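Take a look at the structure set out below.
As the structure lists them, so they are numbered: ligands from 1, and atoms in each ligand from 1. The shown structure was predicted, so the numbers you read here are calculated from the model rather than taken from an experiment.
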Amino acid sequence: MPRVSELFFKTGVIFLLLGIAIGIKMGISGDHGAFPAHAHFNLLGWVTSAIFGGYYALNPAKAEKRLAMIHYGLYTLGLVVMLPPLYLKFATGNDAVDPILGIGSLIVAAGVLVFTVVVFSPAQSARSATMAAR
Ligand code: HEM
Ligand code: HEM
């Protein structure tokens, strides 16, 4: 598996464990107030990261591009900035974290923008395609 896929799965599964922990805490306490944090740890942190990792595993030529690692770095940084304050907001009702949440979600969006460029870019550069054809 390409390194970038391994990295997406390694960080993704940590977010899944945290998301599940929040789910179990909600189930045990009967207080479901933190469900938006639970949903985004699982869906942004695990599901979307795993889809990115799967995409690069299916497109190894794209996984070798520098842009793939920039995508991983930006997206994961965004999650680390966004998700803990999201949990704090809904677990404690403290809205003071909103600006950090905003910054985190913009970094996440920037990571997705880089992925969009990766998806629409050709798998091989014109030069390496010519070399491969020789
Ligand atoms: C052991 C694992 C899990 C537990 C104990 C758990 C528990 C919960 C609980 C208690 C709620 C709040 C329900 C409500 O009040 O409406 C919830 C909501 C939710 N969970 Fe989980 N969950 C688990 C795993 C997952 C996973 C793996 C995902 C996604 C991949 C997920 C996605 C969601 C979503 C999207 C919601 C919000 C649903 C809505 O909008 O009402 N959960 N979960
Ligand atoms: C930076 C990206 C994202 C931002 C800023 C964002 C923001 C939000 C907001 C503000 C809500 C309403 C929360 C509430 O008051 O209940 C919401 C709900 C929801 N979002 Fe996202 N979202 C993002 C990405 C995603 C992604 C990628 C998925 C799925 C793969 C997703 C799935 C959901 C679901 C299922 C709900 C309904 C459950 C809930 O309220 O938590 N979101 N999102």
Side-chain angles (χ1 to χ4, degrees):
M1 199 190 286
R3 186 168 139 71
V4 70
S5 299
E6 279 283 354
L7 287 172
F8 267 122
F9 275 92
K10 279 181 177 160
T11 40
V13 80
I14 303 291
F15 286 118
L16 176 60
L17 282 172
L18 294 171
I20 286 178
I22 299 171
I24 292 172
K25 182 169 182 280
M26 288 194 297
I28 292 172
S29 66
D31 176 0
H32 294 183
F35 83 89
H38 164 75
H40 290 84
F41 265 85
N42 284 321
L43 295 173
L44 267 176
W46 164 242
V47 178
T48 308
S49 295
I51 292 171
F52 291 148
Y55 177 87
Y56 287 115
L58 291 170
N59 294 275
K62 290 191 180 183
E64 297 310 318
K65 292 185 178 200
R66 221 163 72 102
L67 219 48
M69 216 38 109
I70 294 173
H71 166 214
Y72 170 77
L74 261 181
Y75 185 77
T76 306
L77 171 71
L79 294 183
V80 170
V81 174
M82 174 183 169
L83 294 179
L86 188 62
Y87 176 71
L88 272 182
K89 178 182 169 76
F90 287 100
T92 66
N94 186 353
D95 290 338
V97 295
D98 283 357
I100 307 174
L101 256 177
I103 292 168
S105 52
L106 286 176
I107 303 173
V108 167
V112 173
L113 216 58
V114 173
F115 181 58
T116 310
V117 174
V118 171
V119 168
F120 280 92
S121 67
Q124 286 179 311
S125 68
R127 189 161 175 268
S128 56
T130 317
M131 302 282 278
R134 278 184 187 167

Could you go through ligand 2 and list every pair where one of its N or O atoms sits under 3.5 Å from a protein N or O, giving the atom names and the distance to one decimal?
residue	atom	partner	partner atom	Å
ligand 2	20 (N)	H40	NE2	2.9
ligand 2	22 (N)	H40	NE2	3.1
ligand 2	42 (N)	H40	NE2	3.1
ligand 2	43 (N)	H40	NE2	2.9

Between [Y] and [X], is there a side-chain heavy-atom distance shorter than 4.5 Å?
X    : Y    : answer
V119 : Y55  : yes
M69  : R3   : yes
K89  : L101 : yes

- Item | F8-V47 co-clustered via ILVMFWY side chain contacts under 4.5 Å |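 Per the 4.5 Å side-chain linkage, F8 and V47 are not co-clustered.
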- Message: So if I count the atoms of ligand 1 from 1 in the order they appear, which ones are less than 4.0 Å from some heavy atom of I20?
- Response: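 Counting from 1, the qualifying ligand atoms are 1 (C), 2 (C).
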- With a 6.0 Å cut-off on ring centres, are F90 and F35 close enough? no
- side chain to side chain contact (heavy atoms under 4.5 Å, CB included) involving L113 - partner list, sequence neighbours excluded: none
